[in-house]
Amino acid sequence: MTTSKGLIESDILGHFGPYGGRFVPEALIGALDELAAAHLSAQSDPIFQAELAELHRTYTGRPSILTEVPRFAEHAGGVRILLKREDLNHTGSHKINNVLGQALLTKRMGKKRIIAETGAGQHGVASATAAALFGLECVVYMGEEDTKRQSLNVARMKLLGADVIPVTQGSKTLKDAINEAMRDWVTNVETTHYLLGTVAGPHPFPTMVRDFHKIIGEEARAQVLELTGQLPDAVLACVGGGSNAIGIFHRFISDVGVRLIGLEAGGRGVATGFHAATITGGTPGVLHGTRSYVLQDENGQTVESHSISAGLDYPGVGPEHAYLHDIGRAEYRAITDDEAMSAFALLCKTEGIIPAIETAHALAGAIHVGKELADAGHKDAVLLINLSGRGDKDVQTAAEYFGIPL
Amino acid sequence: MSLTPLQQLFVNLKSENRAALIGYVPAGFPSKRECIEVIKAMVAGGVDAIEIGYPYSDPVMDGPIIQAAADQSLRGGTGAADVFEVLKATTDLGVPAVVMTYWNPIERYGIENFARDLSSAGGSGVITPDLTIEESLPWASAAEKHGINRIYVVAPSTVGQRLADVTQQCSGFVYAASLMGVTGTRTSVSAGAEALVARVREVTDSPISVGLGVSTREQAHEVARYADGVIVGSAFIRLIQESSSFAEGLLKVQELAAELADGVRR
């Protein structure tokens, strides 16, 4: 499972140790095989890679910059903190990396229609954007609850020409939006590509989405080396499904001295049961086509997740994270809503950067880890954080939380 | 290995020159107590075998009718014990029965334990709509040990070697999905169903049952011309959902079962 460079690759069936694989209706196997083949050939095709790189240069705005945040870092034990600014990408988050890659694959496979699920709306907006850019029909499934929490993003998707379908089944959030997207895909698989937005789902999605995001870690590793002359002591990222985290972790997996820390949504606290910390508080199981950690009850029913952040409000997690956790290569911790919002406010006021609430979980994790390192005498430690998204979409939620009248 | 009651049913029906009528209901629908009444009404109307659904929180192969039924059942607290209880009550009537379940509940229950308890309740097998053959090894050995059938679903998009590989893993019957889509009633049975059944016949001797979208006598009759079994779910459930009283629903279920039973006679 490990390549000569020490990076982790799945087996041919998409397994990361006991995790991953495919648990899907037989109707989808043909499409998944087609997608796996298209991804594999694109990976080694210089024309595809050049086309994607050019899009990233002229459309996404890559490479994204690295920002050092000393005033914020004073509150994290005084260690050095560097932000990888994925929030500055076109559409405002890391999601565009994966979306452009999959949209190019869609074109290659000759499909004209894409469907996507979205929680916070960031992946839906990115998908609608790519659909507009490539002239594809786009349908986005979004839990009815989330369409209310993120009404601004619903309007953005509509402006970009996408159909947004509110999902009224189940908990009316991200997991139900994925169910509905899967049902659409089973029905329309011949003409439609399911542009899944995270590193979960059946093979090849966890591997493919990771491959489209690993550019984050590749750029960041070189940027940190250039700035500091050393590798970071730890790399931190928030984890819902886990795409931005895998994106920044991947290139560092073989750097065994670099700690990889995923911050999950602890909601009101893992002990309360109202959380979305799947690895911290879940158990191995199967959800949405893959085996990983899942929030579930004793009958194998998925339990509703809770988080102030719509983008982390998901009861599953990517299988590669489950594996990295089990082998001890990455650590996963839970950050409560309150801790995340406090870190959110701190970054706003100390550095003039409004982060996504998802991302604020990683910032809160950095405050903990920075203090721990400083207490242990490592005041010169360097922390690299994936600033995965900007917080414009969260202004309403934050205003309500902090009691700012609108 | 001796035949399961389900396999014996298909052997018997061959001599009657008709297809089997298989009725689906989720355990615990409309309530734990009333579910068995629905099954009895189906059987009284002429259903030959029962497919008991294990209600699941994320049923990606099911349309709105069965989703709503599963939700109702889950709100009533249905769990594994209730599934086995209704299974036992069904097989006690002398009716062959299988369980239809998404994979996670089996994994959570314990693969070996699920096969054991299903067998103890007299169940003939399990339909697993989201278990791929690549992930089936532990299930295959558990099912074999306890002498129960493994039923996989194939779709119009299942072609070539893949169709042979999947159907080779099936026992009891092969579940042929009539169309690309989810469960639910349709105004007509997809023309793709007959073509799929013909392709399955070329690669296996197992009986073939067609599901997805069958709801009327005419549709059952049409499918029974080429298939060995006809599976009806949403049409029954809708009758319960739309009736003003449960008693009325039961009567309608029995009437529909009788019409469908007439339909499957060639």
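Every chain is numbered from 1, with letters handed out A, B, ... down the list of sequences.
At most 12 heavy atoms of other shown residues, nucleotides or ligands fall within 6.0 angstrom of atom NZ in A:Lys172. Annotation: B:Glu85, atom CD; neighbour count of heavy atoms from other residues, nucleotides and ligands within 6.0 Å does not exceed 12. Other residues, nucleotides and ligands contribute at most 12 non-hydrogen atoms within 6.0 Å of the NZ atom of B:Lys88. The number of heavy-atom neighbours closer than 6.0 Å to CD of B:Gln168, taken from other residues, nucleotides and ligands shown, is 12 or below.
Neither the backbone nor the side chain of B:Val83 has a heavy atom closer than 4.5 Å to any heavy atom of chain A. Residue contact with chain A, scored on non-hydrogen atoms closer than 4.5 Å, involves the backbone and the side chain of B:Thr132 alike. For chain A, the nearby parts of B:Val60 are the backbone and the side chain; heavy atoms of each come within less than 4.5 Å. Proximity to chain A (any heavy atom under 4.5 Å) is restricted, for B:Leu74, to the side chain, taken from C-beta onward. For A:Asp33, no part lies under 4.5 angstrom from a heavy atom of chain B. B:Ala80 touches chain A through backbone and side chain together, each having a heavy atom under 4.5 Å away. Heavy atoms of B:Ser157 lying under 4.5 Å from chain A belong exclusively to its side chain. Heavy atoms closer than 4.5 Å to chain B are found in the side chain of A:Thr283, but not in its backbone.
One distance of note links CZ of B:Arg108 with CG of A:Asn299; it measures 9.0 Å at 0.5 Å rounding. Between the OH atom in B:Tyr54 and the CD atom in A:Gln301 there is a gap of 6.0 Å [rounded to 0.5 Å]. Distance check, rounded to the nearest 0.5 Å: CD of A:Glu26 to CG of B:Leu131 gives 10.0 Å. Within the model, atoms CD of B:Glu135 and NE2 of A:His15 stand 3.5 Å from one another, a figure rounded to the nearest 0.5 Å. Rounding to the nearest 0.5 Å gives a distance of 9.0 Å between CG of A:Asp176 and OG of B:Ser57. Note that CD1 of A:Ile178 is 9.0 Å distant from CG of B:Asp58, once rounded to the nearest 0.5 Å.
Between chain B and the options A:Met182, A:His288, A:Glu180, A:Lys175, heavy-atom pairs under 4.5 Å are most frequent for A:Lys175. Among B:Pro105, B:Pro156, B:Pro129, the residue with the largest count of heavy-atom pairs under 4.5 Å with chain A is B:Pro129. Interface remark: of the candidates A:Val294, A:Val303, A:Asp297, A:Asp297 forms the most heavy-atom pairs closer than 4.5 Å to chain B.
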Requested in this report: Go through the steps for B:Trp103 and A:Arg291 under the test side chain to side chain contact (heavy atoms under 4.5 Å, CB included), then give the verdict.
Outcome: CA-CA 10 Å; B:Trp103 179 246; A:Arg291 183 185 286 113; 4.2 Å; yes
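A side-chain donor-acceptor contact under 3.5 Å links A:Arg183 to the backbone of B:Pro59. Using modelled atom types, no side-chain atom of B:Asp130 and backbone atom of A:Pro25 make a donor-acceptor pair closer than 3.5 Å. Within the 3.5 Å criterion, the main-chain N or O of A:Val286 finds a donor-acceptor partner in the side chain of B:Asn104.
In this structure, B:Tyr56 and A:Thr302 approach most closely via the heavy-atom pair OH-OG1, 4.0 Å.
None of A:Val189, A:Leu28, A:Asn188 except one satisfies the side-chain contact (heavy atoms from CB on, under 4.5 Å) rule with B:Met180; the exception is A:Val189.
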